[in-house]
Amino acid sequence: QVQLVESGGGLVQAGGSLRLSCAASGRNFNNYAMGWFRQAPGNEREFIAFIMWNGVGTYYADSVKGRFTISRDNAKNMVYLQINSLKPEDTAVYYCAAAGRPSPRVALYDYWGQGTQVTVSS
């Protein structure tokens, strides 16, 4: 099993930046692809990005390309999401998740964190 804990969310003005962190514990973290998702009130959980187990391959939703960057540090069991040029529509709870294979599909992720709130003011 893998346990995930997100941090780094908060209230930020539009145009600002945040770096979200996801700390993983448990066995075989290095074997998992990691993803970031977000969910705004009343909306379904939305895929943002995933990163391959070795950190080499990444994939982003079209809506965030150029502003969001996913990375991981397997030595520290950490995954990060750098968010730049924040917009009010980025307001959501952000989740990290682990999957045996990389995918943009929510259903294929086995382990989830509790989420961290990001609120962007205009």
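Residues: numbered from 1 along the sequence shown. All values reported here derive from a predicted model rather than from experimental measurement.
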Worksheet item: Partners of N30 by side chain to side chain contact (heavy atoms under 4.5 Å, CB included), sequence neighbours excluded?
Response: N74, N77
Discussion item. Considering only residues two or more places apart or on different chains, which pairs with a residue in residues 71-87 satisfy salt bridge (Lys or Arg N to Asp or Glu O under 4.0 Å)?
Written reply: none
Worksheet entry | Under the side chain to side chain donor-acceptor pair (under 3.5 Å) test, residues paired with S25 that sit two or more places apart | Q3
For residues 42-54, tabulate all N or O donor-acceptor pairs below 3.5 Å that involve a side-chain atom, not counting sequence neighbours.
unit_1	atom_1	unit_2	atom_2	d
R45	NE	Q39	OE1	3.2
R45	NH2	Q39	OE1	3.2
E46	OE1	R38	NE	2.8
N54	OD1	V56	N	3.0

Worksheet item: Strictly under 6.0 Å, is that where the ring centroids of Y95 and Y109 end up?
Response: no
Worksheet item: With R19, which residues qualify under side chain to side chain donor-acceptor pair (under 3.5 Å), at least two apart?
Response: none
Fill in: Test item: T91 and Q117 side chains (from C-beta on) under 4.5 Å apart, heavy atoms
yes
Worksheet item: Are the side chains of S71 and Q82 in touch, meaning some heavy atoms are under 4.5 Å apart?
Response: no
Discussion item. If you compare all heavy atoms of M34 against all heavy atoms of C22, which two are closest, and at what distance to 0.1 Å?
Written reply: CE-SG, 4.4 Å
Worksheet item: Taking the side chain as C-beta and beyond, is there a heavy-atom pair between Y80 and T69 under 4.5 Å?
Response: no
Fill in: Under the ring pair (Phe, Tyr, Trp, His ring centres under 6.0 Å) test, residues paired with F29 that sit two or more places apart
none
Discussion item. Is there a path of hydrophobic side-chain contacts, each under 4.5 Å between heavy atoms, that joins V64 and F37?
Written reply: no
Discussion item. If we ignore hydrogens and angles and just use 3.5 Å, is the side chain of Y111 paired with the main-chain N or O of A24 as donor and acceptor?
Written reply: no
Worksheet item: What is the minimum heavy-atom distance between A14 and P88, and which atoms define it?
Response: CB-CD, 4.1 Å
Item to complete: Kindly state each residue pair satisfying salt bridge (Lys or Arg N to Asp or Glu O under 4.0 Å) with at least one member in residues 53-66, sequence neighbours excluded.
Response: D62-K65
Fill in: Results of side chain to side chain donor-acceptor pair (under 3.5 Å) for S17 - residues two or more places apart only
N84
Discussion item. Taking salt bridge (Lys or Arg N to Asp or Glu O under 4.0 Å) as the cut-off, I'd like each qualifying pair that reaches into residues 97-122, sequence neighbours left out, listed once.
Written reply: none
What side-chain donor-acceptor pairs closer than 3.5 Å can you find for residues 4-13, not counting sequence neighbours?
unit_1	atom_1	unit_2	atom_2	d
E6	OE1	Q114	N	3.0
E6	OE1	G115	N	2.8
E6	OE2	C96	N	2.8
E6	OE2	G115	N	3.3

Practice prompt. Name all residues meeting the ring pair (Phe, Tyr, Trp, His ring centres under 6.0 Å) criterion together with Y94; count only those two or more places apart in sequence or in a different chain, and write none if there are none.
Written response: none
Discussion item. Would you say that L20 contacts W36 through its side chain, given a criterion of any heavy-atom pair below 4.5 Å between the two side chains?
Written reply: yes
Practice prompt. Sort and list the pairs that fulfil disulfide bond (SG atoms under 2.5 Å apart) and have at least one residue in residues 24-92, not counting sequence neighbours.
Written response: none
Worksheet entry | Candidate pair I70 and V79, rule side-chain contact (heavy atoms from CB on, under 4.5 Å), full reasoning | CA-CA 7 Å; I70 189 172; V79 183; 4.2 Å; yes
Discussion item. To check you understand the geometry: which heavy-atom pair defines the closest contact between I83 and L86, and what is its length?
Written reply: CG2-CD2, 3.3 Å
